[in-house]
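Read through the structure below, which is laid out as structure tokens, and then see the notes.
Here is the naming used below: chain letters follow the sequence lines, and residue numbers restart at 1 for every chain.
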Protein chains: 4
Amino acid sequence: MNATRPQTRRERLDAKETAVISAARALFLEKGEAGTRVAEIAKRACVAEGTLYLYFKNKRAILQAVVADHWEQLTVGAREAVEGQTETFDKLEALTTFHLRAVIADWSLLMLGTRLWATGAEAEEQMERDYRRNYVAIFDDLFRRGQDRGDVAADASLWQVRDLFYGTLEYTARTMMLHPERTDYDGVTEFVVAQVKSACLSGGQMPLYKEESGSRDLRSITGRLEAALKDLKSLDV
Amino acid sequence: MNATRPQTRRERLDAKETAVISAARALFLEKGEAGTRVAEIAKRACVAEGTLYLYFKNKRAILQAVVADHWEQLTVGAREAVEGQTETFDKLEALTTFHLRAVIADWSLLMLGTRLWATGAEAEEQMERDYRRNYVAIFDDLFRRGQDRGDVAADASLWQVRDLFYGTLEYTARTMMLHPERTDYDGVTEFVVAQVKSACLSGGQMPLYKEESGSRDLRSITGRLEAALKDLKSLDV
Amino acid sequence: MNATRPQTRRERLDAKETAVISAARALFLEKGEAGTRVAEIAKRACVAEGTLYLYFKNKRAILQAVVADHWEQLTVGAREAVEGQTETFDKLEALTTFHLRAVIADWSLLMLGTRLWATGAEAEEQMERDYRRNYVAIFDDLFRRGQDRGDVAADASLWQVRDLFYGTLEYTARTMMLHPERTDYDGVTEFVVAQVKSACLSGGQMPLYKEESGSRDLRSITGRLEAALKDLKSLDV
Amino acid sequence: MNATRPQTRRERLDAKETAVISAARALFLEKGEAGTRVAEIAKRACVAEGTLYLYFKNKRAILQAVVADHWEQLTVGAREAVEGQTETFDKLEALTTFHLRAVIADWSLLMLGTRLWATGAEAEEQMERDYRRNYVAIFDDLFRRGQDRGDVAADASLWQVRDLFYGTLEYTARTMMLHPERTDYDGVTEFVVAQVKSACLSGGQMPLYKEESGSRDLRSITGRLEAALKDLKSLDV
DNA sequence: TATGAATGAGGCTTCATTCAT
DNA sequence: TATGAATGAAGCCTCATTCAT
């Protein structure tokens with residue numbers, strides 16, 4: 001009722017729910033679903049074990065809440081990152097940067113999600129699919145608007161490019177996690193963006209572009225020649 | 001195939017061991033690790049529960065054996081696929097086709113592997129990494145030989161291209177699993193191969209365009225010019 | 001009915017207390033003691049859970065109150081039924097009718113009572129006994145007055161006849177509950193009354209039969225006459 | 001296989017099952033269903049807690065087994081008691097004696113059975129009904145054969161007499177349990193048998209004897225005579 | 001007096017592992 | 001080597017009761 005009085009009843013309840021989710025997130029990340037004890041979650045959330053069950057039907061429901069919460073944060077973050085840009089490929093770059101870091105930060109959470117549908121629970125599979133679809137809609141939107149603006153070839157295949165984008169990013173993220181010495185985020189971003197661009201410009205099937213490319217190539221080559229000649233000149237006199 | 005060839009892991013196993021692994025594989029696939037009971041594995045393998053423990057230290061060891069077995073099959077299969085071809089990009093295509101199908105067929109097994117290192121067991125993480133490295137060596141080999149043969153740009157980044165390759169493929173595989181209506185394996189293969197090619201030809205940093213060969217020529221010419229100029233500089237006056 | 005008459009237990013209770021008892025009665029009947037949750041009772045009584053504990057020490061106390069209330073209603077009902085009649089066996093018939101119907105209506109409540117003393121709580125056993133004794137006093141009263149009036153044999157055994165009466169009635173009630181097709185209340189009443197009458201008339205110890213009975217009766221009467229005459233003689237001389 | 005070697009595998013299993021049932025019986029009797037802990041049953045049966053679940057699906061199943069076992073013993077015992085006699089009413093007396101003692105010995109077990117169907121489990125209600133029907137068949141048989149032999153009136157109502165018999169006996173048993181000072185088993189037996197006989201001889205609907213009114217008249221006349229004699233005494237000289 | 005969120009002890013049950021045969 | 005009955009630790013969850021508001 002009053003923003004300055006944050007402790008309304010409803011808000012206190014929400015706070016507790018949040019505490020549980022974040023405690024659970026930490027533990028699930030650290031020890032996996034099976035390795036995490038409900039009692040631990042309770043203790044870490046500073047709540048009695050029984051209290052958990054006022055907020056969540058059972059352990060599984062906590063996991064679901066964690067996953068849902070994670071996707072929501074992901075989606076919000078990605079949307080913000082993209083909205084900060086106006087140009088199609090600037091948006092793409094922003095999304096790339098965001099996704100790469102987010103995935104590295106919470107890799108296990110994505111796995112938790114994946115785990116949800118390794119158990120034969122149809123409903124959970126569907127949820128997971130919906131979360132991802134909702135998240136991925138940001139990319140899809142970017143892609144389609146790019147087509148409208150002429151930045152992306154009209155015949156480019158959305159889902160192929162999308163798989164390329166997320167696949168490469170997530171696999172790279174995993175690689176980077178396994179090889180902590182690899183820290184060239186910018187290089188990865190640049191590579192992925194370039195790759196996606198390339199796939200966007202052609203029809204996806206043959207990733208090469210119309211006019212532009214030729215002139216661009218020429219431009220870069222020209223630039224290198226000019227630089228070389230400049231060197232040449234500086235030697236002389 | 002050849003008695004003098006060192007036996008693969010599987011060939012070394014006795015029948016009972018094999019039965020257990022394959023029963024376990026099926027159950028792990030179907031119900032996940034936690035969802036699978038040791039008793040079930042035993043029953044499906046037509047073995048007494050206690051007998052399992054003559055062959056495997058514990059449930060975890062069975063999981064490890066399943067994963068090891070899977071990676072070995074994958075590796076053998078991939079190697080055979082690649083060995084059937086001589087040209088770099090034919091090899092690539094064969095590998096693509098093989099990997100896509102293999103991943104779709106046993107997606108959950110990959111996840112099981114992933115699960116091995118979600119539990120904080122350092123040794124298992126290392127094993128998983130080694131399996132994958134061993135498997136991925138096939139691609140790496142292909143890539144490096146391609147460079148030797150001039151099919152792949154000398155400055156292409158192996159690990160970037162590798163992440164692109166496996167990332168896109170595995171993500172696509174997952175997508176295809178979730179959308180059974182998508183069955184265009186060949187289209188996917190073509191797309192992935194093209195994309196990888198594109199990344200192989202440029203330095204990975206700059207993916208390329210339309211007049212591919214033309215611009216490549218230009219670029220190589222530029223390179224030669226630059227080299228010549230450098231020579232020029234070093235000679236001088 | 002009468003303001004000057006001492007209030008029954010129920011009349012002394014306030015509305016909330018009554019609501020709880022009746023909610024509890026319904027739930028105990030439906031789901032048994034262990035199957036009923038305190039929370040349910042509260043909800044059905046439109047009272048907060050905590051409020052229950054202002055009125056009742058704990059769940060057990062609620063059960064006790066329900067049972068007490070039930071016995072009180074039973075006792076009041078039986079008394080009214082009996083008071084409507086003047087003749088011994090008319091009273092008996094009225095009581096039979098009342099008890100049969102009451103037991104069928106709330107069979108489970110009798111069981112609840114029984115349950116009270118299946119737990120080794122001495123005090124509760126005693127309460128249950130007292131309730132029943134109080135209720136049964138109506139029959140006992142009827143029986144003793146019948147003896148005074150000569151309707152019941154002076155040497156009939158009260159407790160045997162009482163067990164016959166209540167036992168047959170309650171067992172019959174259960175039977176009727178299990179066999180809903182059996183609806184001949186009047187027949188049952190008639191049978192039970194006749195049976196009790198029969199036990200009342202003889203000494204309870206020796207109920208009588210066809211042939212035998214006549215001669216036995218005669219024998220006992222003869223005996224009494226002889227005794228009376230002996231008295232007579234002892235006066236004289 | 002060999003009667004002298006009682007420890008065959010099968011027999012050992014049976015022995016354990018029996019041990020569990022009898023431990024459970026004792027505890028259920030002492031503390032009721034809800035009051036009994038599975039752990040206690042296990043300990044008393046000298047078995048690990050988990051072992052119980054190799055023999056019984058869950059706690060409820062143990063209770064059911066106890067009840068089933070009890071009914072079986074009851075039925076066997078009753079049958080033996082009855083088979084020891086040839087005459088209808090000798091059988092009846094034997095059955096009475098047996099039932100009275102059995103019910104007193106294990107009153108709570110009957111209650112356990114009753115409890116089974118206070119929980120809304122349709123299947124269990126049916127089982128309980130079947131057990132009882134099976135047990136009661138012994139009485140029914142006795143009754144019908146009695147009719148064939150002419151010991152029981154052809155128009156006597158089986159189910160009324162049956163309710164009279166079991167009702168009186170079980171109620172009496174309860175009474176006796178509550179009043180330990182009452183130990184006149186024989187008196188009870190005699191009373192019940194007489195009462196049942198009486199109900200058997202008439203049509204059940206009118207359980208009174210031949211010259212009923214005659215003998216009653218005689219008795220009332222005797223009463224008046226006695227009264228007159230008393231008067232006589234008090235007057236005198 | 002009234003509320004209902006919070007508590008936490010303790011129950012039932014599962015299941016990986018052992019061990020006597 | 002093979003068996004499968006037995007084990008018992010430990011988890012999830014329930015629910016009567018309390019207590020801050």
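For the side chain to side chain donor-acceptor pair (under 3.5 Å) test, no residue two or more places apart in sequence or in another chain qualifies with A/E72. Residues forming a side-chain contact (heavy atoms from CB on, under 4.5 Å) with B/A19 (at least two apart in sequence, or on another chain): B/A45. For C/E40, the side chain to side chain donor-acceptor pair (under 3.5 Å) partners two or more places apart in sequence, or in a different chain, are C/K31. Partners of D/N58 according to the side chain to side chain donor-acceptor pair (under 3.5 Å) rule, which considers only residues two or more places apart in sequence or in another chain, do not exist here.
Using a 4.0 Å cut-off, no side-chain N or O of B/K43 falls inside it from OP1 or OP2 of F/dG4. At F/dA2, one or more side-chain N or O atoms of B/Y55 fall inside 4.0 Å of OP1 or OP2 (strictly under the cut-off).
Note: CG (D/L27) to P (E/dC12) measures 12 Å, nearest angstrom. Here F/dA2 presents its C1' atom at 11 Å from CG of B/L52, a figure rounded to the nearest Å. Here the C1' atom of nucleotide E/dG11 and the CD1 atom of D/I62 are 13 Å apart, to the nearest Å. Atom NZ of A/K16 is separated from atom P of E/dG4 by 16 Å (rounded to the nearest Å). For the pair A/L63 CG and F/dC13 C1', the interatomic distance rounds to 17 Å; values are reported in whole Å. Remark: P of F/dA2 and CD of B/E17 are 11 Å apart, rounded to the nearest angstrom.
Among A/M127, A/Q126, A/R132, the one residue that satisfies the side chain to side chain contact (heavy atoms under 4.5 Å, CB included) test with A/R129 is A/Q126. A side chain to side chain contact (heavy atoms under 4.5 Å, CB included) with D/L27 is found for exactly one of D/E33, D/R44, D/K43, namely D/R44.
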Take D/D130 and D/W71 through the side-chain contact (heavy atoms from CB on, under 4.5 Å) test and state the conclusion after the steps. CA-CA 10 Å; D/D130 290 344; D/W71 279 113; over 6 Å; no
Check the pair C/I41 / C/F28 against side-chain contact (heavy atoms from CB on, under 4.5 Å), numbers first and verdict last. CA-CA 9 Å; C/I41 298 176; C/F28 283 145; 4.2 Å; yes
Annotated protein contacts, base or backbone, on nucleotides 13-21 of chain E with a non-hydrogen cut-off under 4.0 Å, one of B, S, - each: BBSSBB---
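Nearest-nucleotide positions on DNA chain F for D/A48 and B/A48 put B/A48 closer to the 5' end. For the pair A/V47 and C/C46, nearest-nucleotide mapping onto DNA chain E gives the more 5' position to C/C46.
In DNA chain E, consecutive stretches of 3 or more Watson-Crick or G-U wobble pairs with both distances under 3.5 Å are given as paired ranges: E:2-21 with F:2-21.
Rounded to the nearest 0.5 Å, atoms NE2 (A/H70) and CZ (A/R25) are 6.5 Å apart.
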